[in-house]
Amino acid sequence: MGIHSILISMAKDTEKEPDFLAQFKLYFDEAATKTTTNPDILQIIKNCRAVITFLIPLKRDNGTIEVITAYRAHHSYHHSPCKGGIRYASNVDMQEVQALASLMTFKMAVLDVPFGGAKGGVCIDPRKYSEAELERITKRYTVELVKKGFIGPSIDVPAPDLGTGAKTMGWLMNAYKSMSGSNDINESAICTGKPVSLDGVDGRAEATGLGVFYGIEEMLKNKVFCDKFGLSLGFKGKTVVVQGLGNVGYWAAKFCQDGGANVIGIVEYNSSIFNPEGLNVDEASTYFKANKSFKGYPKAKEVYLDKDNMEVLYKECDVLIPAAIENTITKFNVDKVKAKLIGEGANGPTTFAAQKYFDSKNIPVIPDFVLNAGGVTVSYFEWLKDLEHSQLGRLTKRWDAKANEAVMKALGIAIPPGSSLKEGPSEKQIVYSALQESMSSAIKEVFAKSLELNCSLRMAGYILAIQRIAQCYEDAGIFQPSLTPKDLQLMHSFMSYLI
């Protein structure tokens with residue numbers, strides 16, 4: 001079915017939009033028509049290369065047995081290893097995992113990070129399980145992936161996602177190390193997003209939200225971009241509404257606020273708050289964590305609860321950052337959105353139909369696989385750190401400090417005590433600097449492509465990613481082993497022996 005046929009079908013269907021994976025394929029198919037890539041290669045790029053579903057038996061703290069469904073998808077092997085998070089959510093399913101794995105491939109292609117895309121999911125609501133139960137689930141999930149050859153520092157490197165965090169990655173690494181028997185010198189590179197004490201990297205926790213800030217900031221510094229979409233230059237004084245106060249949303253809101261923006265609205269799953277004079281992100285976050293709701297928040301001018309919580313999403317603002325879940329802005333509510341710029345912090349928050357509406361209204365959308373790629377970019381830095389078995393910058397820190405001191409001395413300028421010029425950069429400073437460079441370069445490339453092809457930023461990003469992935473296949477060729485009948489007979493005998 002072609003794009004136009006699907007759009008007609010969507011228009012006739014007033015009840016729902018296509019699922020997450022179908023949305024990805026709609027975007028992909030449109031972008032593919034704007035490339036000269038071989039159609040057969042496009043099919044390889046479009047679809048997941050390997051997916052698995054398996055069951056995890058869990059003995060609950062009360063002694064009962066529960067069987068949990070789990071997933072892992074590998075989207076692309078054009079670079080190795082695969083890379084992607086593990087999501088713990090009660091509504092996770094195979095199509096969602098495949099869609100997320102697909103987006104991971106495109107993120108890394110645009111950011112020029114040499115991984116293929118992957119994603120995993122465990123079908124649970126983590127809030128309904130004890131910490132001990134979550135640890136058992138995570139370690140059994142790891143064991144199953146190892147048994148199936150679906151995980152390893154050179155195969156597939158997981159990271160945190162919705163419902164998981166640094167502690168989850170610590171459990172995963174512990175389980176993998178127990179199975180590897182210290183035979184893998186690079187076993188710490190089995191996952192990223194780990195606690196710093198377990199070979200994680202300083203700055204990973206806030207990396208996705210920080211990348212969102214860097215990406216929007218870069219666009220708002222670009223006069224051509226601002227003129228094209230009728231925006232004023234700079235972040236200072238811009239009004240911002242953020243949906244989702246989890247890891248991504250919190251850090252994106254905080255960095256926007258620290259960068260001079262005015263966060264006027266925050267939307268959560270059960271409540272939202274609005275104050276045109278501005279909200280303190282830290283205070284709002286602390287209140288929500290303590291009360292599990294914004295009900296009664298004293299510093300808001302307006303508070304919306306339950307089914308009305310989305311009202312703040314529709315407030316007039318300069319920048320809207322949907323940083324919660326997919327399919328937030330759809331054909332059913334897109335006309336209510338009054339933001340001048342959309343910066344996607346979540347994966348897939350804007351549907352295909354909603355994107356078309358924004359295009360028609362000349363409202364720019366900085367797409368998810370570009371803007372929220374800060375997390376996987378810093379995960380790449382962590383993976384490199386674990387392979388090198390050395391803290392980032394450790395070998396050159398003192399040399400850099402001495403060089404800085406020599407330059408400042410020659411200029412007759414005293415270095416203030418405690419300055420990084422005197423001490424050398426910390427690991428976090430290196431991470432922040434490298435992330436800013438990565439995000440800035442990627443955003444500029446995507447915008448340049450959009451100007452070249454007169455298309456949206458999302459289409460430009462898809463086209464750029466397709467071209468880069470296709471180039472990998474063109475340069476490497478398609479491996480097709482030649483097996484004789486005798487080879488096949490030997491393989492059959494060997495497999496029979498194993499069985």
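Because only heavy atoms are used, hydrogens play no part in the values below, and waters and symmetry mates are left out as well, while side chains stay in. In this chain, numbering begins with 1 at the start of the sequence shown.
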- Query: If we ignore angles and hydrogens, is there a donor and acceptor under 3.5 Å between the side chains of T105 and S76?
  - Reply: no
Applied to residues 370-379, the salt bridge (Lys or Arg N to Asp or Glu O under 4.0 Å) test, sequence neighbours excluded, yields none
(message) Under 6.0 Å between ring centres: does that hold for F20 and F24?
(response) no
Side-chain donor-acceptor pair under 3.5 Å between Y250 and D282, yes or no?
-> yes
Other residues, nucleotides and ligands only: do more than 12 of their heavy atoms fall within 6.0 Å of NZ on K292? no
Using atom types as modelled, flag every donor-acceptor pair under 3.5 Å from a side chain in residues 367-376 to any protein atom, sequence neighbours excluded.
residue	atom	partner	partner atom	Å
D368	OD2	G348	N	2.6
N372	OD1	K107	NZ	3.0
N372	ND2	G345	O	3.1
N372	ND2	A346	O	3.2
N372	ND2	N347	OD1	3.1

Taken in chain and number order and not counting sequence neighbours, the residues that satisfy salt bridge (charged side-chain N to carboxylate O under 4.0 Å, His left out) with K444 are E218
Between M459 and Y27 the two heavy atoms that sit nearest each other are CE-O, 3.4 Å
Practice prompt. Would you mind checking if E17 and K356 are paired as a salt bridge, meaning a charged N to carboxylate O distance below 4.0 Å?
Written response: no
Residues at least two apart in sequence or cross-chain that pass side-chain hydrogen bond (donor to acceptor under 3.5 Å, both in side chains) with S90, listed by chain then number, are none
Q. Under 4.0 Å between a Lys/Arg side-chain N and an Asp/Glu carboxylate O for R458 and E30?
A. no
Could you check whether S285 and K254, counting side-chain N and O atoms only, form a donor-acceptor pair closer than 3.5 Å? no
| said: I'd like to know whether CG of D227 has more than 12 heavy-atom contacts from other residues, nucleotides or ligands below 6.0 angstrom. | reply: yes
- Message: Is it the case that the ring center of Y214 lies less than 6.0 angstrom away from the ring center of F255?
- Response: no
Across all chains, not counting sequence neighbours, the side chain to side chain contact (heavy atoms under 4.5 Å, CB included) partners of T37 are T35, I41, L42, I466, A470
Cation-pi geometry met for K46 and F28 (6.0 Å, 45°):
no
Sequence neighbours excluded, the answer for side chain to side chain contact (heavy atoms under 4.5 Å, CB included) partners of V334 is I329, A354, Y357, F358
Please check if the number of heavy atoms outside E316 that lie under 6.0 Å from its CD is greater than 12. no
